[in-house]
Novice: 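Got a structure for you, written out below as structure tokens; questions coming shortly.
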Number of protein chains: 2
Amino acid sequence: MPLPDLIQYIPHIAYDSVVFGFSKGKLKILLMEYHDTGWHALPGGFVERTENLEDAVKRGLFERTGLHEIYLEQFHTFGDMARFQPEVMKTILEANGHAVPDNYWMLDRFFSIAYYALIDHEKVTLTPDSLSDSIAWYDIEHLPDLILDHGKIVQKALQTLRENLDRKLIGGNLLPERFTMNELQAVYEAIMGEKLRRTSFQRKMLSMDILDRHEKLFTGKSHKAPYLYSFKTS
Amino acid sequence: MPLPDLIQYIPHIAYDSVVFGFSKGKLKILLMEYHDTGWHALPGGFVERTENLEDAVKRGLFERTGLHEIYLEQFHTFGDMARFQPEVMKTILEANGHAVPDNYWMLDRFFSIAYYALIDHEKVTLTPDSLSDSIAWYDIEHLPDLILDHGKIVQKALQTLRENLDRKLIGGNLLPERFTMNELQAVYEAIMGEKLRRTSFQRKMLSMDILDRHEKLFTGKSHKAPYLYSFKTS
DNA sequence: TATTATTGTCTCAACGTGAAACAATAGATT
DNA sequence: AATCTATTGTTTCACGTTGAGACAATAATA
């Protein structure tokens with residue numbers, strides 16, 4: 001596979017996405033691992049010459065997760081000189097067997113527009129890109145070191161997610177269509193990083209009139225069965 | 001004055017700033033008016049090759065307002081194809097007597113990183129740039145039509161400012177060092193676009209323990225004199 | 001039938017806010 | 001000097017929200 005040609009992309013502009021998922025009670029994000037280097041990075045990409053910015057991000061997410069309809073929110077653009085480290089990209093490309101000219105466009109200074117996405121962990125089919133050995137879920141509390149300023153990007157994403165959690169009622173995007181109140185509470189706790197009071201949480205969620213209550217979920221355990229809920233579509 | 005050379009700037013990347021001020025009970029923003037065309041636009045600019053993004057924005061704000069220390073917050077990056085209208089910039093440049101080559105870099109597609117700033121209206125010394133007849137304050141409720149998507153940028157700035165107003169306690173940045181409770185309330189009302197209850201507002205502000213109370217302000221009017229307040233520096 | 005674990009609901013106290021009353025006071029009027 | 005007017009600072013009361021805990025309901029087991 002040859003090096004991508006600059007002609008189809010806009011130079012100096014990239015995006016990075018922080019894709020949140022929820023599994024086994026933990027909040028996780030998607031990370032790529034590049035060939036040989038062992039370096040980890042956020043899934044990102046470039047914008048085509050005639051493509052809307054947000055369409056580029058959606059295209060990249062679809063290629064890696066197989067999902068088309070994704071909850072997506074832009075949260076910050078990173079443009080410090082400190083993130084200009086051409087030797088990082090050069091090393092990654094060379095580890096893939098490419099001969100990289102010194103003036104190759106991917107070695108230029110880039111501004112990265114960062115988005116976070118919320119997806120149902122169960123629905124994704126992960127596909128690495130050509131430069132990567134893997135794309136996989138990593139527990140938000142035990143992340144490996146990330147290249148460039150990607151660690152800072154993750155922290156800012158998490159901060160923004162926390163600030164938006166109540167205001168935008170987005171927690172449900174991390175769960176399947178139907179879920180128990182306990183599962184929803186676990187999502188909120190994983191995002192906020194703190195325990196919440198069961199009764200207050202339930203009362204608050206129900207009083208907001210955003211949930212539909214469905215049938216009970218019988219798990220086989222010897223106790224009262226919880227109801228299943230879904231978010232109202234209207 | 002010759003056309004700026006691309007060499008010193010990063011192509012495809014611009015910033016726009018929504019500078020809020022408060023005067024005569026009204027919330028205002030700064031707009032440029034370009035020579036001849038009569039077109040209005042947000043004050044913006046480009047990022048130098050080795051300059052941090054935020055430093056570029058501060059540089060532009062200093063050139064136009066004379067202020068160095070400014071409350072500044074990034075809120076969104078605009079990257080739709082719909083904002084790619086090279087004939088707009090071409091018309092502006094030609095109205096300034098420039099001969100514009102078809103491939104001139106300022107006619108390319110640009111991504112604009114938008115910031116809002118809060119400043120004390122009394123402290124600014126306004127200076128137009130070389131392409132503009134004027135830079136002046138415009139009442140947020142009576143803005144002229146703006147070029148490209150600058151109207152949308154203003155609306156998004158205002159929305160973000162409203163969302164951040166209570167959470168970040170930023171209203172004071174629009175006032176002088178010392179102010180009365182009534183003036184602070186007027187700022188909040190102008191931003192939120194609604195009247196607030198005097199007693200609740202006062203109680204809330206005082207209970208947050210963010211204000212220092214100073215001497216009274218005697219205006220000569222025949223009624224009780226209000227105290228002056230300032231935001232705690234700590 | 002009793003037990004256990006968990007869920008759904010209710011109660012009460014503490015707190016925050018809207019609405020209104022009340023108290024204080026700088027200058028004008030008499 | 002006493003009174004009046006307009007505005008500011010404070011207090012009170014009603015009401016809604018939330019934390020903390022009690023209580024009721026129930027699915028499977030002993």
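In what follows, chains are A, B, ... by sequence order, proteins preceding strands, each numbered from 1.
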Novice: Kindly point out which of dT7(C), dA26(C), dT29(D) is positioned nearest to the side chain of Lys224(A)?
Specialist: dT7(C)
Novice: Using whole Å, report how far CZ of Arg213(A) lies from C1' of dT9(C).
Specialist: 10 Å
Novice: When you get a sec, tell me which of dT26(D), dA27(D), dT25(C) is the closest nucleotide to the side chain of Phe218(A)?
Specialist: dA27(D)
Novice: Ser222(B) side chain: which of dG9(D), dA28(C), dT10(D) is closest?
Specialist: dA28(C)
Novice: Relative to the 5' end of DNA chain D, which residue comes earlier, Thr199(A) or Gly220(A), by the nucleotide with the nearest heavy atom?
Specialist: Thr199(A)
Novice: With a cut-off of less than 4.0 Å, is there a side-chain N or O of Asn182(A) near OP1 or OP2 of dT7(C)?
Specialist: yes
Novice: If you go through the side-chain atoms of Arg198(B), does one of them form a donor-acceptor pair with the base of dG9(D) closer than 3.5 Å?
Specialist: yes
Novice: Check the distance between dT8(D)'s C1' and His223(B)'s NE2 and give it to me in whole angstrom.
Specialist: 9 Å
Novice: Leu217(B) CG to dT7(D) P: how many Å, rounded?
Specialist: 14 Å
Novice: Between Met205(B) (CE) and dT10(D) (C1'), how many Å, whole number?
Specialist: 17 Å
Novice: For Tyr71(B), is there any backbone N or O sitting under 3.5 Å from a side-chain donor or acceptor partner on Asn173(B)?
Specialist: no
Novice: Quickly work out the Met181(A) CE to dT6(C) P distance and round it to whole Å.
Specialist: 18 Å
Novice: Can you find a heavy atom in the side chain of Leu118(B) that is under 4.5 Å from one in the side chain of Glu73(B)?
Specialist: no
Novice: If the cut-off is 4.0 Å, is Lys221(A) near the phosphate of dT6(C), judged by side-chain N/O to OP1 or OP2?
Specialist: no
Novice: What are the two closest non-hydrogen atoms of Tyr188(A) and Phe201(A), and how far apart are they?
Specialist: CG-CE1, 3.7 Å
Novice: Is there a side-chain polar atom (N or O) of Ser200(A) under 4.0 Å from OP1 or OP2 of dG19(D)?
Specialist: yes
Novice: Within this structure, what is the OH-to-P distance between Tyr229(A) and dT7(C), rounded to whole angstrom?
Specialist: 11 Å
Novice: Does Arg203(B) contact dG18(C) through a side-chain donor or acceptor facing the base, at a distance under 3.5 Å?
Specialist: yes
Novice: To the nearest Å, how far apart are Gln202(A) CD and dT11(C) P?
Specialist: 16 Å
Novice: Where each residue is assigned the nucleotide of DNA chain D containing its nearest heavy atom, which of Ala225(A) and Leu228(B) is assigned the position nearer the 5′ end?
Specialist: Leu228(B)
Novice: Measuring from the side chain of Arg197(B) (C-beta onward, heavy atoms only), which nucleotide among dG9(D), dA19(C), dA26(C) has the closest atom?
Specialist: dA19(C)
Novice: Without decimals, in angstroms, what is the distance between Lys204(B) NZ and dT11(D) P?
Specialist: 20 Å
Novice: Give me the ring orientation class for Tyr138(B) and His40(B): parallel if the planes are under 30° apart, tilted from 30 to 60°, perpendicular past 60°.
Specialist: perpendicular
Novice: Would the number of heavy atoms belonging to other residues, nucleotides or ligands and lying under 6.0 Å from NZ of Lys221(B) be above 12?
Specialist: no
